[in-house]
Student: 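Okay, here's the structure, questions in a sec.
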Amino acid sequence: MLQHKSQAKKQPTTLFRYLMGSTMMGSTTAAFLALAVVASPLLLAAAQPVGAPPATNNSRLEKAYVALQALKKAITDDPKNMTNNWCGPDVCSYHGVYCATAPDDPCARTVASVDLNHGDIAGTLPEELGLLSDLAVFHLNSNRFCGALPDALRSLRLLHEIDVSNNQLTGNFPSQLLCLPHVQYVDIRFNNFCGEVPAAIFEKKIDALFINNNNFEFTLPANFSSSTASVIVLANLPRVGGCLPSSIGDMAGTLNELILLNSGISSCIPPEIGKLDKLTVLDLSSNGIVGKLPDTIGNMRALEQLNVANNMLAGEIPESICALPNLKNFTYSHNFFCGEPHRCLEVPHIDDRQNCIAGRPDQRPGEQCIEFLHRPPAQCAAHGQSSPPPMY
């Protein structure tokens, strides 16, 4: 799910790939986006570039020309010459620019998509991008754009997908995204954004949220479980912190993948997590999670990948978890578990190293296990825990 910065999104996620049923973002997200594209006349028409020059009285394409020329001017390095043909008023023939019939005028054409993925382009993003008022898809992943996202993006009222991942963007969380009524796919990972993440993002009716590998510093908000997303990735944000809310079960209707690894979460795992019966991937590794694994995880029948490594979990592994019919990978190394059912050894891939499980190889030294067992147990409550043992 998570990829190194230099490998994120190895192929461009163009509209064509969505129409062809791409699965690179996970089956649930890809299926959603494929349906969204088919359902939207604007996106469907945008699947192929249009080469005819714009009419002289087409104000939409005239504004698009201003916006795209401003972007070209703000580019300082284009090693693959992706904007080499961005000359003249025929913006629909520009590389990476796709036009379609305007959603509110069947006689007018407009720019519906800009896709410059994997261009290694350096530069900044100008405010003139707000002139692309009919833009539905904005893909700039795997480039070297720096600076902040322009405030004018709040004018892109039809924007459906924004992917600016794997760049060098800075500033606070782009609150402009909160103003976009139709945005469904938000990917700003692998940048240098910082500060608070507004709780309102979890109230947005979006399908996928990737904000991992930035410099955000916030507490997991109480309304986290209000999100309707199928994929949420908040990984490698060690200054996030907070607790997994007991209301997490409210996300059962939509949540398919939840990645919170290395995010400073310090709490118990609430038993209500077992209500997430559509979840296929759960990664809570490298946090400060304490207590026991709730046996209610055994109700998550769709679960394929479960990773709780590098925490302070203890007790025995519930057999119900290892009996899950679709579980392919179960990683619970570097905790303080004292027992595991034999059935866990039948899971295709497990990692139980550095625990306190008698008879298993590569476990913690006995003195560590004894010291841990003599400490007061973690006190798990509805909203978190208190007095956890120290991490070794």
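Heavy-atom basis, side chains included; hydrogens, waters and symmetry copies ignored.
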Student: Can you measure from CG (Leu220) to OG (Ser267) and round to the nearest 0.5 angstrom?
Tutor: 8.5 Å
Student: Applying a strict under-4.5 Å side-chain criterion to I, L, V, M, F, W and Y, I'd like to know whether Ile357 and Ile370 cluster together.
Tutor: no
Student: How long is the gap from CG on Leu244 to OG on Ser266, to the nearest 0.5 Å?
Tutor: 9.5 Å
Student: Starting from the C-alpha separation in whole Å, work towards a yes-or-no answer on side-chain contact (heavy atoms from CB on, under 4.5 Å) for Glu203 and Asn223.
Tutor: CA-CA 7 Å; Glu203 302 283 352; Asn223 70 338; 2.9 Å; yes
Student: With a 4.5 Å cut-off on side-chain heavy atoms, are Phe145 and Leu71 touching?
Tutor: yes
Student: Are more than 12 heavy atoms, taken from residues, nucleotides or ligands other than Lys72, located less than 6.0 Å from that residue's NZ atom?
Tutor: yes
Student: Is the shortest heavy-atom distance from the side chain of Leu303 to the side chain of Thr280 under 4.5 Å?
Tutor: no
Student: Asn299 side chain to Gly274 main-chain N or O, any donor-acceptor pair under 3.5 Å?
Tutor: no
Student: Is there a side-chain contact (heavy atoms from CB on, under 4.5 Å) between Met82 and Ile121? Walk through the geometry before answering.
Tutor: CA-CA 8 Å; Met82 296 188 76; Ile121 298 170; 4.3 Å; yes
Student: Is a donor on one side and an acceptor on the other found under 3.5 Å between the side chain of Ser227 and the backbone of Ala229?
Tutor: yes
Student: Could you walk me through whether Cys338 and Cys369 satisfy the disulfide bond (SG atoms under 2.5 Å apart) test, starting with their C-alpha distance in whole Å, then the side-chain angles of each, then the deciding distance to 0.1 Å, before giving a yes or no?
Tutor: CA-CA 9 Å; Cys338 61; Cys369 296; over 6 Å; no
Student: Is there a donor-acceptor pair closer than 3.5 Å between any side-chain N or O of Asn287 and the backbone N or O of Ile265?
Tutor: yes
Student: Any ring pair (Phe, Tyr, Trp, His ring centres under 6.0 Å) involving residues 287-314? Give me the pairs, sequence neighbours left out, ordered by first then second residue.
Tutor: none
Student: Looking at Thr228 and Lys205, what are the two nearest heavy atoms and their distance?
Tutor: OG1-CA, 3.5 Å
Student: Answer with yes or no whether the hydrophobic clustering places Leu345 together with Val308; edges join I, L, V, M, F, W, Y residues whose side-chain heavy atoms lie under 4.5 Å apart.
Tutor: yes
Student: Can you find a pair of side-chain heavy atoms, one from Phe210 and one from Ile188, that are under 4.5 Å apart?
Tutor: no
Student: Test your reading of the model: is there a side-chain donor-acceptor pair from Asn143 to the backbone of Asp120, 3.5 Å cut-off?
Tutor: yes
Student: Is it the case that Ser285 and Asn310 place a side-chain donor and acceptor less than 3.5 Å from each other?
Tutor: no
Student: For Asn311 and Leu284, indicate whether the former's side chain and the latter's backbone hold a donor-acceptor pair under 3.5 Å.
Tutor: yes
Student: Rounded to the nearest 0.5 Å, what separates atom CD1 in Ile211 from atom OG in Ser263?
Tutor: 8.5 Å
Student: Among side-chain atoms of Asn117 and Asn141, is any donor-acceptor pair under 3.5 angstrom?
Tutor: yes
Student: Tell me the closest heavy-atom pair linking Ile317 and Pro341, and the distance in Å.
Tutor: O-CD, 3.1 Å
Student: Is it the case that the side chain of Arg301 and the backbone of Asn326 share a donor-acceptor pair, with hydrogens and angles ignored and the cut-off at 3.5 Å?
Tutor: no
Student: Going by heavy atoms in the side chains, are Ile273 and Leu282 under 4.5 Å from each other?
Tutor: yes
Student: Starting at CG of Leu260, measure out to CG of Asn236 and round the result to the nearest 0.5 Å.
Tutor: 11.0 Å
Student: Establish, yes or no, whether the cationic atom of Arg364 lies under 6.0 Å from the six-membered ring centre of Phe336 and within 45° of the ring axis.
Tutor: yes
Student: Please answer whether the main-chain N or O of Leu237 pairs with a side-chain N or O of Asn214 as donor and acceptor at a distance below 3.5 Å.
Tutor: no
Student: As a quick check of understanding, evaluate side-chain contact (heavy atoms from CB on, under 4.5 Å) for Asp352 and Thr331, giving each step before the final call.
Tutor: CA-CA 7 Å; Asp352 64 358; Thr331 302; over 6 Å; no
Student: Please examine the side chains of Leu258 and Met251, heavy atoms only from C-beta on, and report whether any two atoms are closer than 4.5 Å.
Tutor: no
Student: Could you report the tightest heavy-atom contact between Pro103 and Thr110, atom names first, then the distance?
Tutor: CD-CG2, 4.5 Å
Student: For Lys63, does the NZ atom sit with more than 12 other heavy atoms under 6.0 Å from it, leaving out its own atoms?
Tutor: no
Student: Between Ser320 and Asp295, do the side chains contain an N or O donor and an N or O acceptor separated by less than 3.5 Å?
Tutor: no
Student: Are Asp277 and Lys275 close enough for a salt bridge, meaning some N to O gap below 4.0 Å?
Tutor: no
Student: Judged by modelled atom types alone, do Asn192 and Gln168 share a side-chain donor-acceptor pair under 3.5 Å?
Tutor: no
Student: Can you tell me if Glu257 uses its side chain to pair, donor with acceptor, with the backbone of Leu279 under 3.5 Å?
Tutor: no
Student: Rounded to the nearest 0.5 Å, how far apart are SG of Cys194 and CG of Asn215?
Tutor: 6.5 Å
Student: Between Asp105 and Cys107, is there a donor-acceptor pair closer than 3.5 Å when you use the side chain of the first and the backbone of the second?
Tutor: yes
Student: What do the steps show when you test Phe173 against Phe193 for ring pair (Phe, Tyr, Trp, His ring centres under 6.0 Å), and what is the final call?
Tutor: CA-CA 6 Å; Phe173 182 93; Phe193 293 114; 7.5 Å; no
Student: Just verifying a value: how many Å separate Leu125 CG and Leu153 CG, rounded to the nearest 0.5 Å?
Tutor: 7.5 Å
Student: Answer yes or no: is there a donor N or O on one side and an acceptor on the other, between the side chain of Gln363 and the main chain of Pro361, under 3.5 Å?
Tutor: yes
Student: Grab the two heavy atoms, one from Val233 and one from Val231, that are nearest each other, plus how far apart they are.
Tutor: CG2-CG1, 4.0 Å
Student: Under 4.5 Å between side-chain heavy atoms, hopping through other hydrophobics if needed: is there a path connecting Trp86 to Leu131?
Tutor: no
Student: Before accepting this row, confirm whether a basic side-chain N of the pair Arg360/Glu340 lies closer than 4.0 Å to the acidic partner's carboxylate O.
Tutor: yes
Student: Applying ring pair (Phe, Tyr, Trp, His ring centres under 6.0 Å), which residue pairs with at least one partner in residues 293-331 are found, sequence neighbours left out?
Tutor: Phe330-Tyr332
Student: Treating Ile, Leu, Val, Met, Phe, Trp and Tyr as nodes and any side-chain heavy-atom pair under 4.5 angstrom as an edge, say whether Val347 and Ile297 lie in one connected cluster.
Tutor: yes
Student: Below 4.5 Å, heavy atoms only, C-beta onward: do Asn256 and Val281 meet side chain to side chain?
Tutor: no
Student: Do Asn172 and Glu196 get their side chains close enough for a donor-acceptor pair, meaning under 3.5 Å?
Tutor: no
Student: Between Ile248 and Pro270, which heavy-atom pair has the shortest distance, and what is it?
Tutor: CG2-CG, 4.1 Å
Student: side-chain contact (heavy atoms from CB on, under 4.5 Å) for Ile162 and Val183? Distances and angles first, verdict last.
Tutor: CA-CA 8 Å; Ile162 181 168; Val183 68; 4.3 Å; yes
Student: Can you check salt bridge (charged side-chain N to carboxylate O under 4.0 Å, His left out) on Lys80 and Asp78, steps first, answer last?
Tutor: CA-CA 6 Å; Lys80 298 182 180 179; Asp78 184 2; over 6 Å; no
Student: Is a side-chain donor-acceptor pair under 3.5 Å present for Asn355 with Asn335?
Tutor: no
Student: Could you pull out the closest heavy-atom pair between Ser225 and Ser247, with the gap in Å?
Tutor: OG-OG, 2.6 Å
Student: Would you call Glu272 and Pro245 a side-chain contact if the rule is heavy atoms closer than 4.5 Å?
Tutor: no
Student: Do Val114 and Tyr94 come close enough that some side-chain heavy atom pair is under 4.5 Å?
Tutor: no
Student: Run Arg109 and Asp134 through salt bridge (charged side-chain N to carboxylate O under 4.0 Å, His left out) and show every step you take.
Tutor: CA-CA 10 Å; Arg109 298 199 64 75; Asp134 296 319; over 6 Å; no
